[in-house]
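Every value quoted in this text rests on a predicted model; they were computed, and no experiment measured them. Values reported hereafter were calculated over all heavy atoms of this structure, with side chains retained and with hydrogens, waters and symmetry mates removed.
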Amino acid sequence: MRFHTRKWVKPEDLNPNSTLFGGRLLAWIDEELALYSVIQLQNNKIVTKHMSEIDFVSSAKQGDIVEIGIDVIKFGNTSLILKCQVRNMMTRDIIITIDSITMVNLDVNGKPTPHGKTKIEYVKDRIND
């Protein structure tokens with residue numbers, strides 16, 4: 001699992017139990033998945049189509065730093081299927097896991113369109129020397 005982003009849990013991120021609000025965490029995850037997909041598919045028109053079961057394993061509290069990890073499961077014709085894990089950076093405790101998220105590549109009319117990608121690409125591999 002590659003951990004791409006860190007978020008600091010602040011007072012405005014908390015629920016009435018003084019732990020990280022699940023909706024806030026899901027918003028962070030969805031944004032990170034979208035950014036990752038935009039970079040991989042080289043298209044800024046990406047949508048989240050599906051998320052499998054979301055498993056909240058533990059909580060985070062104010063002051064914790066959480067890391068969002070993403071791995072590619074598969075490149076589809078018009079989609080990118082990912083998995084995600086969020087952990088507490090300091091304790092390494094898993095906070096949430098999502099086994100399958102489908103991100104779809106869209107054309108200018110908002111319709112699914114083939115992306116032509118078959119493997120993970122890194123920015124350094126796209127730069128011509």
K.L.:
Please tell me whether Val72 and Ile101 are part of a single hydrophobic cluster in this structure, the criterion being side-chain heavy atoms less than 4.5 Å apart.
P.N.:
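The answer is yes; both residues are in one hydrophobic cluster.
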
K.L.:
Give a yes or no on whether Met90 atom CE has more than 12 heavy-atom contacts from other residues, nucleotides or ligands under 6.0 Å away.
P.N.:
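No - once you tally the heavy atoms of other residues, nucleotides and ligands closer than 6.0 Å, there are 12 at most.
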
K.L.:
Would you call Glu67 and Arg2 a salt bridge, using N to O less than 4.0 angstrom?
P.N.:
no

K.L.:
Within a strict 4.5 Å, meaning less than it, do heavy atoms of the Thr19 and Leu14 side chains meet?
P.N.:
no

K.L.:
Given the rule in the salt bridge (charged side-chain N to carboxylate O under 4.0 Å, His left out) test, do Lys10 and Asp13 qualify, once you have shown the distances and angles that lead to the verdict?
P.N.:
CA-CA 5 Å; Lys10 298 177 281 198; Asp13 303 322; 5.1 Å; no

K.L.:
Answer yes if Val38 and Ile120 sit in the same cluster of Ile, Leu, Val, Met, Phe, Trp and Tyr residues linked by side chain heavy atoms under 4.5 Å apart, and no otherwise.
P.N.:
yes

K.L.:
Do the non-hydrogen side-chain atoms of Thr97 and Phe56 ever get within less than 4.5 Å of each other?
P.N.:
no

K.L.:
Just verifying a value: how many Å separate Ile98 CD1 and His50 NE2, rounded to the nearest 0.5 Å?
P.N.:
10.5 Å

K.L.:
Using a 3.5 Å distance criterion without hydrogens, assess whether the side chain of Ser79 forms a donor-acceptor pair with backbone atoms of Met103.
P.N.:
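Here the side-chain-to-backbone pair does not exist.
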
K.L.:
Could you grab the distance from atom CZ of Phe3 to atom CG of Asp71, nearest 0.5 Å is fine?
P.N.:
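Result: 8.5 Å between the selected atoms.
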
K.L.:
Please answer: with hydrophobic residues joined when any side-chain heavy atoms are less than 4.5 Å apart, are Ile94 and Ile54 in the same cluster?
P.N.:
no

K.L.:
Assess the side chains of Glu32 and Thr5: does a donor N or O sit below 3.5 Å from an acceptor N or O?
P.N.:
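Present: a donor and an acceptor within the cut-off.
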
K.L.:
Does a sphere of radius 6.0 Å around CZ in Arg6 hold more than 12 heavy atoms from other residues, nucleotides or ligands, not counting ones at 6.0 Å or beyond?
P.N.:
no

K.L.:
Other residues, nucleotides and ligands only: do more than 12 of their heavy atoms fall within 6.0 Å of CZ on Phe21?
P.N.:
no

K.L.:
Under a 3.5 Å threshold, yes or no: a donor from one side chain and an acceptor from the other, between Asn88 and Asp93?
P.N.:
no

K.L.:
Got Asn105 and Ile46 here, is their nearest side-chain heavy-atom distance under 4.5 Å?
P.N.:
yes

K.L.:
Do Val86 and Ile29 come close enough that some side-chain heavy atom pair is under 4.5 Å?
P.N.:
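Yes; the side chains approach each other to less than 4.5 Å.
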
K.L.:
Donor-acceptor check, side chain of Asp107 to backbone of Pro112, threshold 3.5 angstrom: yes or no?
P.N.:
no

K.L.:
Test side chain to side chain contact (heavy atoms under 4.5 Å, CB included) on Gln40 and Lys117 and set out the steps.
P.N.:
CA-CA 8 Å; Gln40 283 303 308; Lys117 304 292 184 178; over 6 Å; no

K.L.:
What distance do Met89 atom CE and Trp8 atom CH2 have between them, rounded to the nearest 0.5 Å?
P.N.:
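It is 12.5 Å, given to the nearest 0.5 Å.
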
K.L.:
For residues Ala60 and Val66, report the shortest heavy-atom separation together with the two atoms involved.
P.N.:
CB-CG1, 4.0 Å

K.L.:
Could you walk me through whether Leu82 and Ser37 pass the side chain to side chain contact (heavy atoms under 4.5 Å, CB included) check?
P.N.:
CA-CA 9 Å; Leu82 306 167; Ser37 298; 3.7 Å; yes

K.L.:
Does the side chain to side chain contact (heavy atoms under 4.5 Å, CB included) test come out yes or no for Ile96 and Leu26, once each step is laid out?
P.N.:
CA-CA 9 Å; Ile96 192 173; Leu26 290 171; 4.0 Å; yes

K.L.:
In Å and rounded to the nearest 0.5 Å, what is the NE2 to CG distance from His4 to Leu35?
P.N.:
11.0 Å

K.L.:
Any idea which heavy atoms bring Cys84 and Ile68 closest together, and the distance?
P.N.:
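Where Cys84 meets Ile68 most closely, the heavy atoms are SG-CG2, 3.9 Å.
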
K.L.:
In sequence, state the C-alpha distance, the side-chain angles, and the governing distance for Gln42 and His115, and then conclude on side chain to side chain contact (heavy atoms under 4.5 Å, CB included).
P.N.:
CA-CA 8 Å; Gln42 295 180 282; His115 49 68; over 6 Å; no

K.L.:
With the 4.5 Å side-chain cut-off for hydrophobic clustering, are Met51 and Leu20 part of the same group?
P.N.:
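Yes, Met51 and Leu20 fall within the same hydrophobic cluster.
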
K.L.:
If you round to the nearest 0.5 Å, how far is CZ of Arg87 from CD1 of Ile65?
P.N.:
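Spacing of CD1 (Ile65) from CZ (Arg87) equals 12.5 Å.
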
K.L.:
Does Glu53 have more than 12 heavy atoms from other residues, nucleotides or ligands lying within 6.0 Å of its CD?
P.N.:
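No - once you tally the heavy atoms of other residues, nucleotides and ligands closer than 6.0 Å, there are 12 at most.
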
K.L.:
Rounded to the nearest 0.5 Å, how far apart are CG of Asp64 and CD1 of Ile95?
P.N.:
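Those atoms lie 6.5 Å apart.
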
K.L.:
Between Asn109 (side chain only) and Lys111 (backbone N and O only), is there a donor and an acceptor less than 3.5 Å apart?
P.N.:
no

K.L.:
Check Asp99 against Lys83 and note the closest heavy-atom contact, atom names and distance.
P.N.:
O-CB, 3.3 Å

K.L.:
I'd like to know whether CD of Glu31 has more than 12 heavy-atom contacts from other residues, nucleotides or ligands below 6.0 angstrom.
P.N.:
no

K.L.:
Apply side-chain contact (heavy atoms from CB on, under 4.5 Å) to Lys49 and list each qualifying residue two or more places apart in sequence or on a separate chain.
P.N.:
Thr102, Val104

K.L.:
Is the closest side-chain donor-acceptor distance between Thr48 and Asp30 under 3.5 Å?
P.N.:
yes

K.L.:
Of the non-hydrogen atoms in Arg24 and Glu12, which two are nearest, and what is the gap between them?
P.N.:
NH2-O, 3.4 Å

